[in-house]
There are 2 protein chains.
Amino acid sequence: MSTIKDVAQEAGVSVATVSRVINQNGYVNEDTRKKVENAIIKLNYQPNSIARSLYKKESKTIGIIVPDITNPFFPELVRGVEDYLIRNGFTTILCNSDEDADKERLYLEVMKQKYVDGLIIVSNTINEQLVQQFDRPIVALDRSIHKNIPTFAIDNREGGRRATQHLLDIGCQKVAHIKGPDQIENSEARYKGYLDVINNNELVVSGHYDLKKTAQATIELLQHHPEIDGVFAGNDIMALGVAKAADYLNIKVPNELAIIGFDGINLSEMTSPELSTISQPIYEMSTEAARALISLIEGKVIEKIDYEFPFTLIQRQSTKR
Amino acid sequence: MSTIKDVAQEAGVSVATVSRVINQNGYVNEDTRKKVENAIIKLNYQPNSIARSLYKKESKTIGIIVPDITNPFFPELVRGVEDYLIRNGFTTILCNSDEDADKERLYLEVMKQKYVDGLIIVSNTINEQLVQQFDRPIVALDRSIHKNIPTFAIDNREGGRRATQHLLDIGCQKVAHIKGPDQIENSEARYKGYLDVINNNELVVSGHYDLKKTAQATIELLQHHPEIDGVFAGNDIMALGVAKAADYLNIKVPNELAIIGFDGINLSEMTSPELSTISQPIYEMSTEAARALISLIEGKVIEKIDYEFPFTLIQRQSTKR
DNA sequence: GTCTAATGTGTAACCCGTTACATATATCAT
DNA sequence: ATGATATATGTAACGGGTTACACATTAGAC
């Protein structure tokens with residue numbers, strides 16, 4: 001690979017002039033510019049971003065930490081982020097944390113050493129102190145991680161209310177909730193939304209955001225409470241678990257049992273029956289997060305700390321009676 | 001952030017000595033080592049990998065190019081790669097190419113400038129010339145991209161045979177195939193596998209690896225050919241499309257119509273009915289690809305060019321009569 | 001005691017861009 | 001004509017590591 005020196009030599013100018021041509025700053029005579037440009041083409045010169053990073057202390061790289069890219073919610077987030085970033089000259093380092101504080105620490109350390117310009121984090125477990133120490137911009141996606149870190153998410157509690165209300169609206173008499181893991185902000189919020197609507201008549205069981213556990217838990221729940229005719233699952237995967245339980249027990253969806261999920265991942269319309277769900281604007285949330293991160297990296301001030309996005313209820317077969 | 005100079009000063013030695021301690025090479029007296037280590041701890045020193053990269057011309061970073069992380073097959077691949085790499089001191093840059101040659105070119109260029117140490121590519125469209133010019137190790141995952149680039153995949157044709165044969169084995173009389181896009185190596189291979197078994201009795205339609213198109217195409221196919229009682233879909237997503245079509249037409253799976261997919265993505269066991277499928281060892285394939293890539297980066301010679309992995313037929317509800 | 005090899009440490013060049021600063025010429029106002 | 005300003009370009013320091021090379025000391029062999 002040729003270097004800026006080679007180009008300078010080829011064009012008969014100094015490296016400073018070449019640099020000026022490349023970065024389009026400073027004064028460069030038109031003829032000189034031409035010479036340099038020709039030299040660049042002739043040598044097929046591509047600037048070494050490592051060298052540039054070293055001096056500028058920036059890498060045009062950001063890290064995104066998600067629990068597990070294998071979980072269908074996250075690819076859609078990551079895609080939105082990556083799309084926006086590549087269009088704006090940044091590359092994206094992917095990190096799967098498994099919600100493990102040690103792995104998160106490791107990633108944070110590596111990112112710091114590699115001078116990533118900023119971080120987008122989806123995490124419940126991350127150590128706040130570590131985040132505070134990280135001296136570059138960070139934004140939180142889908143769930144908050146610290147009160148003074150910009151957060152891009154929907155109002156999960158309100159979403160929980162809407163989902164629950166929807167089940168009542170279509171005529172459900174007894175609505176149960178399959179809850180995500182305790183201690184996780186979003187699953188608690190969705191649960192609270194459910195309680196807001198159901199008041200004192202709740203029937204709740206935990207599905208731990210896991211399909212198989214949910215199916216198992218739901219089977220037991222339905223066996224003990226055959227009166228249940230509607231289920232609000234804490235996310236789409238758990239909703240699928242509920243659907244499997246229904247299938248197993250030979251309960252007809254939606255007529256004997258209506259099901260609504262949460263998130264609106266692509267998967268929710270792939271299944272039979274298609275799932276009703278509270279659909280988050282996943283792609284938009286993630287591009288907005290990326291946009292804000294870049295603003296912060298560029299030293300701009302951003303408007304708010306809390307970016308709340310609208311969700312929509314999508315009614316599909318699983319609640320269409 | 002403190003630099004190696006700060007550490008040197010703190011420890012009362014030269015930067016060379018600090019470097020030796022950090023990299024554990026060259027001679028360092030035990031006492032000196034202790035002093036340096038203490039200084040490192042005291043200053044919370046973390047070496048700047050950019051500076052190191054500049055000199056060593058390596059970045060401890062690799063790029064993985066996939067068509068679209070949003071397609072459920074790829075997160076599993078990417079996860080395997082990322083897991084293996086982070087454990088071995090590498091970070092992973094994610095690239096979504098959308099099978100677009102221009103985007104691939106852009107990514108290749110950026111990766112080169114950023115001195116990524118190697119590339120893992122999943123692509124049908126990538127420009128062979130560009131790949132050849134890229135002067136660092138590359139491996140191909142899931143599908144080949146060039147005859148002298150190491151490839152990690154299964155025998156798709158044989159997989160197609162097994163899938164088709166399975167449908168016959170369970171008693172299907174008329175087996176159709178929903179084919180992936182033309183020109184794509186893997187979908188052609190699976191198709192050929194189907195033909196191998198079916199000979200002269202084929203019934204094929206294209207689903208373009210897309211769920212909705214597949215559902216639509218399948219509905220038409222089944223309406224014209226009600227005698228079809230088994231479908232081999234070119235991947236799991238298309239198999240889901242077939243299942244939807246069956247649902248729409250009120251055809252019972254598996255008894256009136258057996259369905260088998262291909263890939264064995266997690267999704268295939270999430271649905272009702274659960275999908276039979278030709279399961280690829282996705283995680284293993286990807287970690288092996290990552291392992292080989294690292295070997296190449298380290299300048300080792302690897303054993304072969306063609307890494308063929310075993311697949312397994314998983315029989316689930318959709319073909320369990 | 002002398003020679004060689006192993007051990008220990010520092011100096012400075014190097015990786016490849018960016019940019020502050022110096023210098024020089026051209027342009028313009030007065 | 002004179003000084004101020006805009007234009008044009010080069011030199012060299014800098015970012016933060018790594019390492020070749022030089023030099024000094026110590027250990028071991030005979």
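In what follows, chains are A, B, ... by sequence order, proteins preceding strands, each numbered from 1.
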- Task: Considering only NZ, NE, NH1 and NH2 on the basic side and carboxylate oxygens on the acidic side, decide whether B:Asp31 and B:Lys34 come within less than 4.0 Å.
- Result: no
Using a cut-off of strictly less than 4.0 Å, decide whether [X] has a side-chain nitrogen or oxygen near OP1 or OP2 of [N].
X       : N      : value
B:Asn29 : C:dG8  : yes
A:Tyr27 : D:dT7  : yes
B:Ser53 : C:dC15 : no

Can a donor-acceptor pair be found between the side chains of [X] and [Y] at a distance below 3.5 Å?
X        : Y        : value
A:Lys114 : B:Thr91  : yes
A:Asp263 : A:Asn235 : no
B:Asn71  : B:Tyr209 : no
B:Lys60  : B:Ser49  : no

- A:Asn127 side chain to A:Arg105 backbone, donor-acceptor under 3.5 Å: no
- Query: Base, sugar-phosphate alone, or nothing: which one does A:Ser49 contact when heavy atoms must sit under 4.0 Å apart?
  - Reply: nothing
- Task: For B:Glu30 and for A:Leu54, locate the closest nucleotide of DNA chain C by heavy-atom distance; then report the residue assigned to the nucleotide nearer the 5' terminus.
- Result: B:Glu30
Could you tell me the separation between the [atom1] atom of [X] and the [atom2] atom of [N], rounded to a whole number of Å?
X        : N      : atom1 : atom2 : value
A:Glu58  : C:dT18 : CD    : P     : 10 Å
B:Asn48  : C:dC15 : CG    : P     : 18 Å
B:Asp31  : C:dG8  : CG    : C1'   : 12 Å
A:Lys5   : D:dT11 : NZ    : C1'   : 13 Å
A:Lys114 : D:dG15 : NZ    : P     : 23 Å
A:Lys57  : C:dC16 : NZ    : P     : 20 Å
A:Lys60  : C:dG17 : NZ    : C1'   : 15 Å
B:Met1   : D:dG15 : CE    : P     : 14 Å

- Item | Within 6.0 angstrom of A:Glu58 CD, more than 12 heavy atoms from elsewhere | yes
- Query: Within a reach of under 6.0 Å around CD of B:Glu99, are more than 12 heavy atoms found that belong to other residues, nucleotides or ligands?
  - Reply: yes
- Item | B:Phe309 and B:Glu288, any side-chain heavy atoms less than 4.5 Å apart | yes
- Note on the structure: Out of D:dT9, D:dG16, C:dC16, minimum distance to the side chain of A:Thr3 belongs to C:dC16
- Going 5' to 3' along nucleotides 18-29 of chain D, which nucleotides have protein heavy atoms under 4.0 Å from the base (write B), which only from the sugar-phosphate (write S), and which from neither (write -)? BBB---------
- Using five base pairs at each end, measure the axis-to-axis angle across the helix from C:dG1-D:dC30 to C:dT30-D:dA1 and round it to 10 degrees. 30°
